[in-house]
Engineer: 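I have a structure here, written as structure tokens, and I will follow up with some questions on it.
Just so you know, these numbers come straight off a predicted model, no measurement behind them. First listed ligand is number 1; within each ligand, the first listed atom is number 1.
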Amino acid sequence: MTNAPSAPAGIDDHLDETDLEALRAKYAKERDRRIRPDGATQYRSAAGEFGYYAKDPYTPRVEREPLTDTVEALVIGGGFGGLTTAARLRQAGLRSIRVTDEAGDFGGTWYWNRYPGIHCDIESYSYMPLLEEVGSVPQWRYAPGEEIRRHAVAIAETFDLYRDALFHTRVTALDWDDETDEWVVETDRGDRMRARFVITSSGTLTQPKLPGIPGIETFQGHTFHTSRWDYGYTGGDQNGGLTGLADKRVAVVGTGATGVQVIPHVGRDAEQLYVFQRTPSSVDVRDNRPTDPEWAASLEPGWQRERMENFLRIVSGEPVGTDLIQDGWTSTARLQRKMITGALDESVSPQERERADELADARKMNRIRARVDEVVTDPATAEALKPWYRYMCKRPCFSDHYLQTFNRPDVTLVDTADHGGITRMTENSIIVGEAEYEVDCVIFATGFEVGVSGVLSGTLPVRGRGGRSLLESWGHGPSTLHGFYSNGFPNLFHLGPLQNANSVNFAHILLEQAEHIAAVIAEGIKSGARAIEPTQEAADEWARTLRETARDNSAFQSECTPGYYNREGAGTPGGSSYSPGPVAFHRLLAEWRKHRMDEVLVPKP
Ligand code: NDP
């Protein structure tokens, strides 16, 4: 036995079975402390009585007349998914493309999230799509949020997408007109437009959520969600300088990927910061640096695609010659396949593979815990900041400023784990157990509802051929071909992780989806098809493929601390994604485009 898990985790690569057993027991104990009987229902949506948390603080709403015109393609969502689809459709020759978004501009996630410290946590050269086509190279290895948002705007300008765009507009209904072979699109601005093709790309982590803390509505101080940062109150900008907080006692609730980026800035500028933590994140070295201009000048055409592919292959467990990225994601690829499925090393037995994975995981997490001890000077605070779970139980975080913030005299970590989170809020304070913390401002870094696109939740009713409702026709679960389209719903395409493959570089996943959908639409137009719609047989076959290739990772998930990755401890249903992983999925799509496109082309009568 080399390293008892209750002792400060040492750097040791000589773990044995006893160490692993002790770790498993510690992980189970830490998970059990956090499991709540109300699971995923513990949260409140930033809607209705809490709707003010979701209001757009960045762009004033402009009144306009309702539209009744017709476009060739209507894209719901102006984030990277919608933008890249629209860009590829433009290149395919479509003239009228209308992007709609509830936000006041393009950017999606990067429109809404403008909190101080915001950065991409994936290397920006692989993350920011269409760099070569827009003609730019990011200025930082991990780009700040504002640079990414401006890049989204640049894509829209490059492909002339502002012309027909509608912002601050929510699509409220989609109805297929059997007579004209068009979608009738209604919105909350009274529009009743028509479109031949509709593409939905409304994001997966978009609707801010709040913890269901008793008394949350009674708080009389200032409060907002990180995705609607109130710079009018805090002063400063995304680079920090929050001078408005200089005389304020501030609470930040939540220590996920957002909290880790926000907390160093609030800690620096607030008179007093209380960080309310339920589960600590794993926080590894970031090592951000400006882009080397010589390197940027040396890039050959095609460099970005090569880099994106290289990253995707590595984190999906596929062989590569060279690791072009060499960062915290690529060096932990082996640990990621527990969560993000991909290629498996078939040369060893599943038992050997599992043991090797567990050992690698334990070593990595020991190093992450050891880093906490190295950085944080107060031993009790350091102990509370150590993550006790396997690497991919939660989104891994990277920061060279976060742990250091807890060495400041004006920053206090409040560990709420034993109380299942914050106990209660009053008019002017936050209560955890018996302890009360008076604060002027509460900032919720408590994340987003998962995967609730309007189409899936039913808030965007879709009626296809014969007025049939999409959700009713799906009955017990989605029925799609490759996750993109369904029988009975012609010319309607969905982007997102449903029934296909995912990866940590979601912008790349969306780009592949956009290019596939645009290629199918282009072929539909070229071939003179009446519509694009998969046969039910093709959708059923895809459902069989998902089932037959599904890898069960429920054991792994059930051992994880609760969070949105495992539906707060409930696990995710098998067969909802393509287990062989994104590289295999993209290969499969390329083959399908070559040989089986006619499965979705409905000929003219
Ligand atoms: P998360 O859902 O990851 O984190 C929410 C945080 O709020 C958790 O720490 C959670 O604790 C805490 N919390 C929830 N309820 C309570 C409560 N009642 N009392 C105390 N704490 C509570 O949201 P984020 O916004 O941090 O991140 C969401 C995702 O967005 C990330 O996983 C990532 O995919 C993406 N992201 C990406 C970034 C990038 O750079 N590309 C940056 C930021 C986010 P607990 O863990 O115990 O539930």
Engineer: Heavy-atom contacts with Gln261 under 4.0 Å: which atoms of ligand 1 show up? List them by number with element.
Structural biologist: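 It comes down to these atoms of ligand 1: 40 (O), 42 (C).
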Engineer: Among all protein heavy atoms in this structure, tell me which lies nearest to atom 1 (P) of ligand 1, with the distance rounded to 0.1 Å.
Structural biologist: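 Here the nearest protein heavy atom works out to Gly447 CA, 4.2 Å.
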Engineer: Please list, in number order, the atoms of ligand 1 under 4.0 Å from a heavy atom of Gly254.
Structural biologist: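 By the 4.0 Å cutoff, the relevant atoms are 6 (C), 7 (O), 9 (O), 12 (C).
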Engineer: Under a 4.0 angstrom heavy-atom cut-off, which atoms of ligand 1 come close to Lys394?
Structural biologist: 45 (P), 46 (O)
Engineer: Which atoms form the tightest heavy-atom contact between Ala296 and Val137, and what is the distance?
Structural biologist: CB-CG1, 4.0 Å
Engineer: Just which atoms of ligand 1 are under 4.0 Å from any heavy atom in Arg395?
Structural biologist: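 Near Arg395, the atoms of ligand 1 are 32 (O), 33 (C), 34 (O).
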Engineer: Among all protein heavy atoms, pick out the one at the shortest distance from atom 30 (O) of ligand 1; state its residue, atom name and that distance to 0.1 Å.
Structural biologist: Leu205 CD1, 3.9 Å
Engineer: Starting from atom 40 (O) of ligand 1, what is the nearest protein heavy atom, named by residue and atom, and what distance separates them?
Structural biologist: His119 O, 2.6 Å
Engineer: Check the orientation of Phe585 and Tyr578. Use parallel for under 30°, tilted for 30 to 60°, and perpendicular for over 60°.
Structural biologist: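 Taking Tyr578 first and then Phe585, their aromatic rings sit tilted (interplane angle of 30° to 60°).
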Engineer: So that I know where these two stand, are Trp140 and Tyr125 an aromatic pair - ring centroids less than 6.0 Å apart?
Structural biologist: no
Engineer: Indicate yes or no: does an N/O atom of Thr446 lie under 3.5 Å from an N/O atom of ligand 1?
Structural biologist: no
Engineer: Do any nitrogen or oxygen atoms of Gln42 come within less than 3.5 Å of a nitrogen or oxygen of ligand 1?
Structural biologist: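 Checking ligand 1 against Gln42, no N or O pair falls under 3.5 Å apart.
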Engineer: At a non-hydrogen distance cut-off of under 4.0 Å, which region of Tyr115 contacts ligand 1 (side chain, backbone, both, or neither)?
Structural biologist: side chain
Engineer: Report yes or no: does Asn407 contribute a side-chain atom to a donor-acceptor pair with the main-chain N or O of Val375 at less than 3.5 Å?
Structural biologist: yes
Engineer: Test your reading of the model: is there a side-chain donor-acceptor pair from Arg170 to the backbone of Asp101, 3.5 Å cut-off?
Structural biologist: no
Engineer: Is the closest heavy-atom distance from Arg34 to ligand 1 below 4.0 Å?
Structural biologist: no
Engineer: Between Glu436 and Ile430 (side chain of the first, backbone of the second, donor and acceptor by atom type, cut-off under 3.5 Å), is there such a pair?
Structural biologist: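 Absent.
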Engineer: Can you report which non-hydrogen protein atom sits closest to atom 27 (O) of ligand 1, along with the distance?
Structural biologist: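 Checked against all protein heavy atoms, atom 27 (O) of ligand 1 sits closest to Thr258 OG1, 3.8 Å.
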Engineer: I need the nearest protein heavy-atom contact for atom 47 (O) of ligand 1: residue, atom name and distance, please.
Structural biologist: Thr279 OG1, 2.5 Å
Engineer: So, the side chain of Arg141 versus the backbone of Ser124: is there a donor-acceptor pair under 3.5 Å, distance only?
Structural biologist: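 Not a single qualifying donor-acceptor pair exists.
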Engineer: Considering heavy atoms of the protein only, find what lies nearest to atom 6 (C) of ligand 1 and give residue, atom and distance to 0.1 Å.
Structural biologist: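 The protein heavy atom lying closest is Ala445 O, 3.4 Å.
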Engineer: With atoms numbered from 1 as shown, which atoms in ligand 1 lie under 4.0 angstrom from a non-hydrogen atom of Val253?
Structural biologist: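 So the answer, numbered in order with elements, is 20 (C), 21 (N).
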Engineer: Quick one: do the Trp229 and Thr234 side chains pair a donor with an acceptor below 3.5 Å?
Structural biologist: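 Distance-only check passes for Trp229 and Thr234.
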Engineer: For the residue pair Thr412 and Gln272, confirm or rule out a side-chain donor-acceptor distance under 3.5 Å.
Structural biologist: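 Judged by distance alone, the side chains do pair up.
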Engineer: Hey, looking at atom 22 (C) of ligand 1, which of Arg278, Arg36, Gln277 has the closest heavy atom?
Structural biologist: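 Selected option, by shortest heavy-atom distance: Arg278.
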Engineer: For atom 32 (O) of ligand 1, what is the closest protein heavy atom, and at what distance to 0.1 Å?
Structural biologist: Tyr564 OH, 2.7 Å
Engineer: Hey, mind stepping through Gln261 and Tyr115 against side-chain hydrogen bond (donor to acceptor under 3.5 Å, both in side chains) and telling me if it holds?
Structural biologist: CA-CA 8 Å; Gln261 294 185 339; Tyr115 55 79; 2.7 Å; yes
Engineer: So, does Phe398 sit close enough to ligand 1 that a heavy atom of it is under 4.0 Å from the ligand?
Structural biologist: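 No.
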Engineer: I would like to know whether Leu385 and Tyr402 meet side-chain contact (heavy atoms from CB on, under 4.5 Å); could you show each step before the answer?
Structural biologist: CA-CA 11 Å; Leu385 283 165; Tyr402 176 71; 4.2 Å; yes
Engineer: Select one of side chain, backbone, both or neither to describe which atoms of Ala257 lie under 4.0 Å from any atom of ligand 1, heavy atoms only.
Structural biologist: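 Both backbone and side chain of Ala257 come within 4.0 Å of ligand 1.
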Engineer: Check if Tyr43 has a non-hydrogen atom at a distance under 4.0 Å from any atom of ligand 1.
Structural biologist: yes
Engineer: Quiz question: by atom type and distance under 3.5 Å, do the side chains of His401 and Ser399 form a donor-acceptor pair?
Structural biologist: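 No - no donor-acceptor pair under 3.5 Å links their side chains.
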Engineer: Would you check the N or O atoms of Phe276, main chain and side chain alike, for any that come under 3.5 Å of an N or O of ligand 1?
Structural biologist: no
Engineer: So, does Gln304 use its side chain to make a donor-acceptor pair with the main chain of Leu131 at under 3.5 Å?
Structural biologist: yes
Engineer: Between Ser554 and Gln557, is there a side-chain donor-acceptor contact under 3.5 Å, judged purely by atom types and distance?
Structural biologist: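 No pair is found: no donor N or O on one side chain lies under 3.5 Å from an acceptor on the other.
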Engineer: Is it true that the side chains of Thr330 and Asp323 contain a donor and an acceptor less than 3.5 Å apart?
Structural biologist: yes
Engineer: Nearest heavy atom to atom 37 (C) of ligand 1 wins, so pick from Thr109, Ile430, Asn113, Asp121.
Structural biologist: Asp121
Engineer: Determine whether the aromatic ring centres of residues Phe106 and His151 are separated by less than 6.0 angstrom.
Structural biologist: no
Engineer: With respect to Trp110, determine whether any N or O atom, backbone or side chain, lies less than 3.5 Å from an N or O atom of ligand 1.
Structural biologist: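 It does not: no N or O of Trp110 is found under 3.5 Å from an N or O of ligand 1.
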Engineer: Provide the number and element of each atom of ligand 1 under 4.0 Å from a heavy atom of Cys120.
Structural biologist: 40 (O)
Engineer: Report, in ascending order of atom number, the atoms of ligand 1 lying under 4.0 Å from any heavy atom of Ile422.
Structural biologist: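 Those qualifying, in numeric order: 19 (N).
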Engineer: Just jot down the ligand 1 atoms closer than 4.0 angstrom to any heavy atom of Phe448, in number order.
Structural biologist: 25 (O)
Engineer: For ligand 1, is Gly563 a contact, meaning one of its heavy atoms is under 4.0 Å away?
Structural biologist: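 Contact absent.
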Engineer: For atom 9 (O) of ligand 1, grab the closest protein heavy atom and report residue, atom and distance to one decimal in Å.
Structural biologist: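 That would be Thr255 N, 3.0 Å.
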